[in-house]
Amino acid sequence: MAVSSVQILGTGQLLELQRKLRAAGHENIRSSMQRRIRRAAEPLRDDLQSTIRDLPIRGTARGSGKRGGPSPTTRPLRATLAEAIRISVRVSGNPGARVYVDKGRLPPDLRNMPSVINDGRWRHPVFGNRRKWTQQTAPPLWWDKTVRRHTPRMTAEVARVVDDVRRHIE
């Protein structure tokens, strides 16, 4: 599963419902449906953000006598990634909820990091020195496992919203 997005769609039901709502002109019901679908996706987004913030990232140990020091960057990696996790809800066109990493909110050098961290292992130059590389690890599949835990609840909630709206307009 790609780290960049997860979608909860009941596309057949949502498309049919969206057509009926547009035909009936129920704008307040459409906005209510959108709000409820967003609320169904918020716990997943919050859990993904919490998971990446608390993800233990390990590096190879320094050799004896090696100097350390503070990071030359002021960007905390995990917090930066967590802030880029977003929700998008559509009730027209291709309706559903989408939780994704907004790569536009990430610095250019971190655009691939969510997938790389999800793989569980990556290499990078030590403080930008391309002659010295190190490897870091994190528990693999953090995105996939978190999404898997929330999928049944989200699917049930979206189905409940669709049923409520259908009952209201029919």
Side-chain angles (χ1 to χ4, degrees), residues 1-57 73-122 138-170:
M1 176 180 292
V3 167
S4 60
S5 99
V6 61
Q7 296 182 347
I8 298 296
L9 305 170
T11 51
Q13 292 177 340
L14 287 173
L15 279 172
E16 169 197 334
L17 203 56
Q18 175 260 335
R19 273 189 230 106
K20 287 181 180 180
L21 283 171
R22 189 180 300 139
H26 292 297
E27 191 56 40
N28 59 344
I29 296 174
R30 286 181 76 211
S31 64
S32 170
M33 181 171 126
Q34 184 172 6
R35 186 174 50 253
R36 289 179 64 191
I37 291 174
R38 175 176 295 279
R39 258 194 234 126
E42 284 172 353
L44 172 60
R45 181 208 51 209
D46 296 344
D47 197 15
L48 284 167
Q49 288 175 335
S50 173
T51 301
I52 189 65
R53 279 190 181 106
D54 299 336
L55 199 67
I57 295 177
T73 178
T74 57
R75 289 186 323 241
L77 172 67
R78 291 173 282 200
T80 302
L81 296 176
E83 291 302 316
I85 297 174
R86 295 275 182 243
I87 299 173
S88 172
V89 177
R90 294 180 62 178
V91 290
S92 63
N94 185 16
R98 180 175 169 230
V99 178
Y100 65 102
V101 176
D102 184 356
K103 292 186 178 187
R105 295 185 60 87
L106 292 173
D109 58 333
L110 295 181
R111 299 250 161 96
N112 293 328
M113 278 309 288
S115 333
V116 170
I117 290 178
N118 196 48
D119 292 341
R121 191 171 67 138
W122 64 98
L141 305 176
W142 67 274
W143 179 275
D144 301 348
K145 290 175 183 175
T146 306
V147 167
R148 226 176 285 126
R149 271 197 321 265
H150 285 268
T151 300
R153 181 198 52 77
M154 284 180 59
T155 305
E157 182 62 28
V158 169
R160 187 171 25 255
V161 169
V162 167
D163 289 342
D164 289 350
V165 172
R166 182 179 291 127
R167 264 194 307 269
H168 191 78
I169 64 172
E170 290 177 343

Do P140 and D119 come close enough that some side-chain heavy atom pair is under 4.5 Å? no

Smallest separation among heavy atoms of D102 and R86, with atom names: CB-CG, 3.9 Å

What pair of heavy atoms forms the shortest contact from V101 to I85, and how long is it? CG2-CG1, 4.2 Å

Does the side chain of R153 come within less than 4.5 Å of P43's, by heavy atoms? yes

For R160, is there an ion pair with E157 - N to carboxylate O distance below 4.0 angstrom? yes

Testing the basics here: between L81 and M113, what is the closest heavy-atom pair and its distance to 0.1 Å? CD2-CB, 4.1 Å

Could you give the distance from CD1 (I117) to CH2 (W122), rounded to the nearest 0.5 Å? 4.5 Å

Any carboxylate oxygen within less than 4.0 angstrom of a Lys/Arg side-chain nitrogen, looking at R36 and D164? yes

I37 and G96: which non-hydrogen atoms are nearest, and at how many Å? CG2-C, 4.4 Å

Checking the side chain of S50 only, and the main-chain atoms of D46 only, is there a donor and an acceptor separated by less than 3.5 Å? no

Within 6.0 Å of CZ in R121, more than 12 heavy atoms from elsewhere: no

If I take atom CG from residue L48 and atom NE2 from residue H150, how far apart are they, to the nearest 0.5 angstrom? 7.0 Å

Audit row: R38, R35, side-chain contact (heavy atoms from CB on, under 4.5 Å) steps and yes/no: CA-CA 5 Å; R38 175 176 295 279; R35 186 174 50 253; 5.7 Å; no

So do R98 and I87 actually touch side chain to side chain, heavy atoms under 4.5 Å? no

Exercise: identify the closest heavy-atom pair between N118 and W143: OD1-N, 3.1 Å

Mark yes or no for whether S32, through its side chain, and N28, through its backbone, hold a donor-acceptor pair below 3.5 Å. no

May I ask you to say whether R166 pairs ionically with D163, meaning some side-chain N is under 4.0 Å from a carboxylate O? yes

Heavy atoms of E83 and R53 approach each other most closely as OE2-NH2, 2.5 Å

Please report the C-alpha distance between T146 and L141 in whole Å, then the side-chain angles of each, then the deciding distance to 0.1 Å, and finally whether the side-chain contact (heavy atoms from CB on, under 4.5 Å) criterion is met. CA-CA 8 Å; T146 306; L141 305 176; over 6 Å; no

